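Since this is a predicted model, take the numbers as computed values, not measurements. Basis for what follows: all heavy atoms, side chains included, without hydrogens, waters or symmetry-related copies.
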Amino acid sequence: MVTTFKDAFGRTIDYLRVSVTDRCNLRCVYCMPPEGVPPLAHDDILRFEELIRVVQAATALGITRLRLTGGEPLVRRGIVELIGLLRQLPALQEITMTTNGILLAPLAEKLKAAGLDRVNVSLDTLDDGRYRAITRGGELASVLAGIRAAQAAGLEPVKVNMVVMRGVNDDETLAMARQSVARGWHVRYIEMMPLGAAQRVCMPDEAQPDQTLDAGLVSNDQVRQEIEAHYGPLEPADVSGVGPAETWRVPGSAGSIGFISAVSHGFCSSCNRLRLTATGRLVPCLFSDRELDLRPALRRGATQEELQALLLEAVALKGSGHRLAEHILDTSHQMSRIGG
Ligand code: SAM
């Protein structure tokens, strides 16, 4: 049995991000167009048994960690049941979820009981009005209740992901760091990637088509400088499931602070992941032009060996780096479809 899954550049692929739905209960300005995205037909979305078969094939190749995403994963009907089914796959060492947290409070305990290990909650501001504006209508109080419920249910470490946007929320990076001290949050600052709807946010000047990809970027170096100017030097922190984040803490705090610097530093050389969309397309890289559609194979009853061969084919499509700059004006790469 193959237990390590390597790509052409020697990187071990052990992490699969699965989008379980294209639907979302928010329409964040940098993630979706104002009118939302047309919902897919029910039959276009992978059924649970299809999804499980893909994950099973992936674990046979060496995938040990799974993250459920969306759309918004908590709007997928039966999500608790799905986690219970995934938990039965012995090779899966970790099942996590990225959620906007709106529906998390009433579900946190059930998710934990079904086998979810931990959650990342996306939260870009601590201000009610700003939250409503960024998410086009979301209620901040529901997310804060969701984070508290996740902590109480033991879905720890609860990571809170903040996408930092110039002129939108970059005055709140310190307030967010304070939550790692006050509420034990594991805050992750994410550099906004200029793809899909985000291009309108990070490149506000449409009259200047030749703006560079970092025109609206707030780099994590800047964020860190601001935090250290207030708290003094951060100390290294050891947090489980760190992924591409570098993690630190304000000395003495229960939470941590991490920086995911895909734009300013990049971490392609240690990329360990594959993505599966809700319709069953394998995405080798967020910026990939080539995807591999598993759904036809699944629906004609492909064997586990055939599915494994398709997974290997998708891994072979992974490039050495993300070529982000080439996608700057390409609107086909919507995060809401691929799942971030
Ligand atoms: N609905 C869930 C949520 O809100 O976490 C999961 C899907 S969402 C697409 C996953 C993550 O992608 C969120 O943390 C979101 O902030 C992030 N994201 C979306 N567009 C982004 C962009 N252009 N750059 C960086 N992160 C982005």
Side-chain angles (χ1 to χ4, degrees), residues 1-21 45-70 73 76 79 81-99 111 114-120 155 159 240-245 260 267-288 290-295 297-298 302-320 322 337-340:
M1 190 175 91
V2 185
T3 46
T4 49
F5 193 16
K6 290 213 188 264
D7 73 1
F9 305 93
R11 296 170 298 198
T12 298
I13 310 299
D14 59 4
Y15 177 48
L16 179 67
R17 292 179 69 104
V18 175
S19 172
V20 293
T21 178
I45 303 285
L46 291 194
R47 298 187 277 270
F48 285 176
E49 62 271 23
E50 293 170 334
L51 223 151
I52 302 282
R53 282 172 56 210
V54 178
V55 177
Q56 222 164 4
T59 58
L61 291 171
I63 295 285
T64 54
R65 295 162 57 215
L66 187 79
R67 177 170 295 277
L68 301 174
T69 175
R76 172 89 192 238
I79 185 72
E81 183 197 338
L82 174 64
I83 290 165
L85 294 169
L86 290 166
R87 192 74 277 179
Q88 290 169 27
L89 302 178
L92 269 191
Q93 290 166 14
E94 186 182 67
I95 306 175
T96 59
M97 176 183 283
T98 295
T99 169
L111 293 165
L116 188 68
D117 290 302
R118 54 189 179 81
V119 285
N120 286 14
L155 289 166
K159 297 185 187 163
S240 71
V242 287
I260 301 182
F267 33 77
C268 298
S269 62
S270 58
C271 183
N272 61 348
R273 61 194 55 190
L274 257 191
R275 294 175 164 85
L276 180 71
T277 70
T279 60
R281 296 175 79 87
L282 283 169
V283 180
C285 163
L286 260 185
F287 299 91
S288 201
R290 294 185 60 195
E291 298 177 352
L292 207 143
D293 193 358
L294 286 185
R295 202 178 54 195
L298 281 164
T303 62
Q304 281 292 298
E305 289 69 28
E306 285 173 293
L307 292 176
Q308 287 171 24
L310 291 168
L311 282 155
L312 288 168
E313 226 181 280
V315 165
L317 293 175
K318 281 178 79 70
S320 60
H322 58 39
R337 185 182 72 87
I338 308 174

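The side-chain tip of Arg273 does not point at the ring of Tyr15 from less than 6.0 angstrom away and within 45° of straight on.
Closest of all the heavy-atom pairs between Leu310 and Ala297 is CD1-CB, 3.7 Å. Scanning all heavy atoms of the two residues, the minimum distance from Leu307 to Ala57 falls at CB-CB, 3.8 Å. Here the closest non-hydrogen pair linking Leu274 and Ala314 is CD2-CB, 4.2 Å. Considering every non-hydrogen atom in both Phe48 and Ile79, the closest pair reads CZ-N, 4.4 Å. The minimum heavy-atom distance between Pro73 and Thr98, with the atom names listed, is CG-O, 3.1 Å.
Within the 4.5 Å cutoff, no side-chain heavy atoms of Thr96 are placed close to those of Asn120. You'll find the side chain of Thr12 stays beyond 4.5 Å of the side chain of Asn272, heavy atoms only. With contacts defined as side-chain heavy-atom distances shorter than 4.5 Å, the pair Ile13/Lys318 qualifies. No side-chain heavy atom of Leu311 sits under 4.5 Å from any side-chain heavy atom of Leu292. Proximity of Val315 to Leu61: side-chain heavy atoms (C-beta onward) are nowhere separated by under 4.5 Å.
Between the OG atom in Ser19 and the CD1 atom in Ile45 there is a gap of 7.5 Å [rounded to 0.5 Å]. Considering CG of Leu282 and CG of Leu294, their distance stands at 4.0 Å, rounded to 0.5 Å. The CG atom of Leu68 sits 9.0 Å away from the CG atom of Leu16 when rounded to the nearest 0.5 Å.
Between the side chains of Gln56 and Thr59, no donor-acceptor pair of N or O atoms lies under 3.5 Å.
Looking at Arg67, its side chain does come within 3.5 Å of a backbone N or O of Met97 through a donor-acceptor pair. A distance-only check finds a donor-acceptor pair linking the side chain of Arg76 to the backbone of Val20 [under 3.5 Å]. Judged by distance alone, the side chain of Glu306 and the main-chain N or O of Thr303 form a donor-acceptor pair under 3.5 Å. Remark: the backbone N or O of Leu92 is paired with a side-chain donor or acceptor of Arg87 at under 3.5 angstrom. A donor-acceptor pair is defined here as one N or O able to donate and one able to accept, closer than 3.5 Å; such a pair exists between the side chain of Gln304 and the backbone of Arg53. With hydrogens and angles ignored, the 3.5 Å screen pairs no side-chain donor or acceptor of Arg295 with any backbone N or O of Glu50. Asp117 contributes a side-chain N or O that, together with a main-chain N or O of Ile95, makes up a donor-acceptor pair within less than 3.5 Å. With Arg118 contributing its side chain and Lys159 its backbone, the two residues share no donor-acceptor pair below 3.5 Å. Using a distance-only test at 3.5 Å, with no hydrogens or angles considered, no donor-acceptor pair links the side chain of Glu291 to the main chain of Val283.
Residue Val18 is tested with Leu82, Thr277, Leu276 for a side-chain contact (heavy atoms from CB on, under 4.5 Å); the sole match is Leu276.
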